[in-house]
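Notes for the one structure printed next.
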There are 2 protein chains.
Amino acid sequence: MTTAPTRKPRSSRSGRATMADVAAAAGVSAMTVSRALRRPDSVSAEVRARVEEASRRLGFVPSRVASALASARTMTVAVLIPSLTNAVFIDLLAGVQETLSPHGYQPLIGVTGYGPEAEERVLRAQLAHDPDGVILTGLDHTPGTWDLLRSLTVPVVHTMDLTTEGGLGDGGHGDGGVRTVGFSQFDAGYAIGAHLAERGRRRIGLIAGQLDPRTRQRCDGWRQALRDAGRHDPDRELLVPDATSVALGAELLERALAAHPDTDALFLCNDDLAQGALFQCARLGIPVPERLAVAGFNDLAGAAWTVPPLTTVATPRRAIGVEAARLLIAGMEDRAQSRPEPRCVDLGFRLMVRETT
Amino acid sequence: MTTAPTRKPRSSRSGRATMADVAAAAGVSAMTVSRALRRPDSVSAEVRARVEEASRRLGFVPSRVASALASARTMTVAVLIPSLTNAVFIDLLAGVQETLSPHGYQPLIGVTGYGPEAEERVLRAQLAHDPDGVILTGLDHTPGTWDLLRSLTVPVVHTMDLTTEGGLGDGGHGDGGVRTVGFSQFDAGYAIGAHLAERGRRRIGLIAGQLDPRTRQRCDGWRQALRDAGRHDPDRELLVPDATSVALGAELLERALAAHPDTDALFLCNDDLAQGALFQCARLGIPVPERLAVAGFNDLAGAAWTVPPLTTVATPRRAIGVEAARLLIAGMEDRAQSRPEPRCVDLGFRLMVRETT
DNA sequence: CTGTTAGCGCGTTCAG
DNA sequence: CTGAACGCGCTAACAG
């Protein structure tokens, strides 16, 4: 071992220039480099030019982790969603990402798998990164999660639901500080139920998978609508815990019709189920909507192009992501909380009546 | 202004306990807390118990940013994908996420919008976070991107393509260090072309959108297959730059048939296009596959359930994400690079012959 | 097995 | 407008 002691450099940025390097190259102090790069008009034109030149020449990229430690701002936002395979949350995420990105914030995605306990674990892991804000899905959190959230000093937004309904949100702590962006799942479910009833359907069934709280609220709404119309039949509800998919929709359609061959309308809690059901109807020669009306939920891609085009409820998933991110940004930038942002944003939904009903 | 001077605390973890707090509470040094928490068997059982108790009691969450600065490991991985609305990359991302997560790594998602220049900008932004590894989509990067990548000391993996084909990868720098995980887009395109020819089809058309390099390679493969079969007709290619969608597939089917009513087979470069085409065929009363064979690509959700079930090519998108993450982890954990990992992993593809051809 | 020392690369603060 | 001192919270390196 007579070789030179090539101790691995401790730096996280092996070989990359630091602010001190740029400062030396530009003949100024590190502090001036920092200023020149972040607020160009806080330094003289000449110094600015020298710093910019040196910075470019050395390929300087400021270290966000050092910056974060010094300034107490990580420029990251924790985004917790149940799943990466459900298009609904991808759209949400896309809205968040496209809104945060131009402001320099990095989303930290956390996948909870629809479980409140897993959500708490994921949140805890994300918090270790000291995000400047947190976006969650839904309001059904563990007490531990609520505790964590309450202890935070950064803004938090809950999405895809409204605080006002079901009392889920408070978790016994009062709804005081809970900020939400979403729409009323209950009302949306009600709308589709009412629509089927108005169409004169009498033997209306329900098919639902992925029984998370939001799905349940939709079902509750649908149920209420049918009760109000005097046409609710609990026997015609087919609820399964499995994740929704086209394949599952096809399968459940058959099971539903086997149990109740006289069914004349069906609400499926997600469009992928509805598309599967539609395919299966085509296969079985069941005329839609003549013999069976079919309604979906979410207005996922392609819903307008099925044969026949699918009646469904359009949900503002991307807009929810955009608005949640906006609220967060407002709370993060403006540390004085000057303009009061709304506590609860209802982005609504739209019943898309097409040809399957 | 006679109120007490409530200077905002400089800490990034307002109110939260630090390691020093835990150390004090446990009656040990901060270093011992660090050790007790990260490698429990490197301290005595008694000390470990005291530290764990104090840590739990104070609700201590170690700061990853401080840890990152001190240890030169951020536990983050930059993941660059073209889009968040294309299911292909979502699946990739899901594979990456589910593989990184158990090891404590946080994916940092970057969306490039299919543009090499945007990709370079996004990469630069991600690098400011000092990721411990980088995952990219494709091999068509700007020279600036290649420069950045070459300057990195952390592992980099390119996905969805193979280094060997097309010579795209080297960018003039030689393929020396380029690590890829993917499959041959060309061969996959060839397979579908050959399949259509083998089925006896003679007037075969192509419909493609989202003309990124991988789509082009698929088309090249398809073209080669038709040439080999003596059935290539450039006039029957309909290429548009727009993002693929069910709606676009329906529209392009009509345009293709309007231009060439005698077409007897069609390859659509993505399943969403193919599904749209299928819907439109049903609408127009065109029997599939009798009068027109239809083939898609990717085997997206539902492809097995369309009417009739869609012939397509199954691509291992999630597996690519998993394998890319695996390679990265190997390179990140094992800093000595003891076991040599493969440079280029071909995960293959599968032709799914169903009923549309 | 445990403690001490010395930074990681920036930004805040206050002086000039 | 610019600079010097200091510290963010943690861990590497070395003693003991």
Side-chain angles (χ1 to χ4, degrees), chain A residues 5-24 26-51 55 58 60-75 127-130 132 153 335, chain B residues 5 7-24 26-51 55 58 60-75 127-130 132 335:
Chain A
T6 47
R7 201 172 299 179
K8 163 170 43 80
R10 242 190 101 180
S11 165
S12 57
R13 310 168 64 72
S14 336
R16 260 193 283 171
T18 78
M19 214 164 229
D21 298 333
V22 177
V28 295
S29 74
M31 198 52 240
T32 301
V33 174
S34 175
R35 282 195 275 253
L37 263 25
R38 293 186 309 156
R39 306 198 304 116
D41 37 59
S42 70
V43 300
S44 70
E46 194 214 355
V47 164
R48 188 191 320 148
R50 287 219 309 277
V51 168
S55 171
L58 298 181
F60 174 63
V61 182
S63 164
R64 290 235 177 193
V65 355
S67 166
L69 194 55
S71 70
R73 311 196 67 208
T74 57
M75 300 304 285
L127 291 185
H129 289 273
D130 284 317
D132 292 335
T153 59
R335 319 197 89 181
Chain B
R7 201 172 298 179
K8 161 171 43 79
R10 243 190 101 182
S11 165
S12 57
R13 308 167 65 69
S14 337
R16 261 195 282 170
T18 80
M19 212 164 233
D21 298 333
V22 177
V28 296
S29 75
M31 195 57 233
T32 300
V33 174
S34 175
R35 280 195 277 253
L37 261 26
R38 290 187 307 158
R39 307 197 305 114
D41 37 59
S42 71
V43 300
S44 71
E46 194 214 354
V47 164
R48 186 189 323 146
R50 287 218 309 277
V51 169
S55 171
L58 299 181
F60 175 62
V61 181
S63 163
R64 290 233 179 195
V65 356
S67 167
L69 192 56
S71 70
R73 311 196 69 210
T74 57
M75 300 304 284
L127 290 185
H129 289 273
D130 283 316
D132 293 335
R335 320 196 89 179

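Chain naming here is simple, since letters A, B, ... match the order of the sequence lines and numbering starts at 1 in each. On a predicted model such as this, the values are computed, not experimentally measured, just so you know.
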Query raised in the report: Does A:Arg64 use its side chain to pair, donor to acceptor, with the backbone of B:Ala128 at less than 3.5 Å?
Result: no

**Report entry** Proximal nucleotide (of D:dG9, C:dG3, D:dG3) relative to the B:Ala70 side chain
**Finding:** D:dG9

Query raised in the report: To the nearest Å, how far apart are B:Met19 CE and D:dC10 P?
Result: 5 Å

Query - Selected nucleotide, minimal atom distance to A:Thr18 side chain, candidates D:dA4, C:dT12, C:dC10 - result: C:dC10

Report summary line: Here the residues of residues 38-48 of chain B within 4.0 Å heavy-atom distance, strictly under, of DNA chain D are B:Arg38

Query - Separation of C:dC8 P from B:Leu69 CG (nearest whole Å) - result: 9 Å

Query raised in the report: Below 4.5 Å, heavy atoms only, C-beta onward: do A:Val51 and A:Val43 meet side chain to side chain?
Result: no

Report task. May I ask you to evaluate whether A:Ser34 reaches the phosphate of C:dG11, defined as a side-chain N or O under 4.0 Å from OP1 or OP2? Result -> yes

Requested in this report: Just compare D:dC10, C:dG9, C:dT2 and give me whichever is closest to any side-chain atom of B:Arg35.
Outcome: C:dT2

Query raised in the report: Just how large is the angle between the end axes of the helix from C:dC1-D:dG16 to C:dG16-D:dC1, five pairs per end, to 10 degrees?
Result: 30°

Query - Nearest-0.5 Å distance, CG of residue B:Leu58 to CE of residue B:Met19 - result: 12.5 Å

**Report entry** Partners meeting salt bridge (Lys or Arg N to Asp or Glu O under 4.0 Å) with B:Arg48 (sequence neighbours left out)
**Finding:** none

Requested in this report: Could you state the atom-to-atom distance from CZ of A:Phe60 to P of C:dG9 in whole Å?
Outcome: 10 Å

Query raised in the report: Which pair of non-hydrogen atoms, one from A:Val33 and one from A:Ala23, has the smallest distance, and what is that distance?
Result: CG2-CA, 3.5 Å

Query raised in the report: Would you say B:Thr32 reaches C:dG3's phosphate, i.e. side-chain N/O to OP1/OP2 under 4.0 Å?
Result: yes

Requested in this report: Evaluate the side-chain proximity of B:Arg16 to B:Val61: yes if any heavy-atom separation is below 4.5 Å, no if none is.
Outcome: yes

Query raised in the report: Less than 3.5 Å between a donor and an acceptor, one on the side chain of B:Arg16 and one on the base of D:dG9, is that the case here?
Result: no

Query raised in the report: Ignoring hydrogens and angles, are the base of C:dG11 and the side chain of A:Arg73 linked by a donor-acceptor pair under 3.5 Å?
Result: no

Query raised in the report: Which pair of non-hydrogen atoms, one from B:Phe60 and one from B:Thr18, has the smallest distance, and what is that distance?
Result: CE1-C, 3.5 Å

Requested in this report: Take the protein atom CE of A:Met31 and the nucleotide atom C1' of D:dA4, then report the distance between them rounded to whole Å.
Outcome: 11 Å

Report summary line: Separation between CE (A:Met75) and CG (A:Asp132), nearest 0.5 Å, reads 7.0 Å

Query raised in the report: Any side-chain N or O of B:Ser63 less than 4.0 Å from the OP1 or OP2 oxygen of D:dG9?
Result: no

Query raised in the report: Are any non-hydrogen side-chain atoms of B:Val65 and A:Thr74 less than 4.5 angstrom apart?
Result: yes

Report task. Write down the distance between CG (A:Leu37) and C1' (C:dG9), rounded to a whole number of angstrom. Result -> 14 Å

Requested in this report: Could you tell me whether the phosphate oxygens of C:dG11, OP1 or OP2, come under 4.0 Å of any side-chain nitrogen or oxygen in A:Ser67?
Outcome: yes

Query - Atom pair CG/OG of B:Asp21 and B:Ser55 - distance to nearest 0.5 Å - result: 11.0 Å

Query raised in the report: Between B:His129 (NE2) and C:dC10 (C1'), how many Å, whole number?
Result: 15 Å

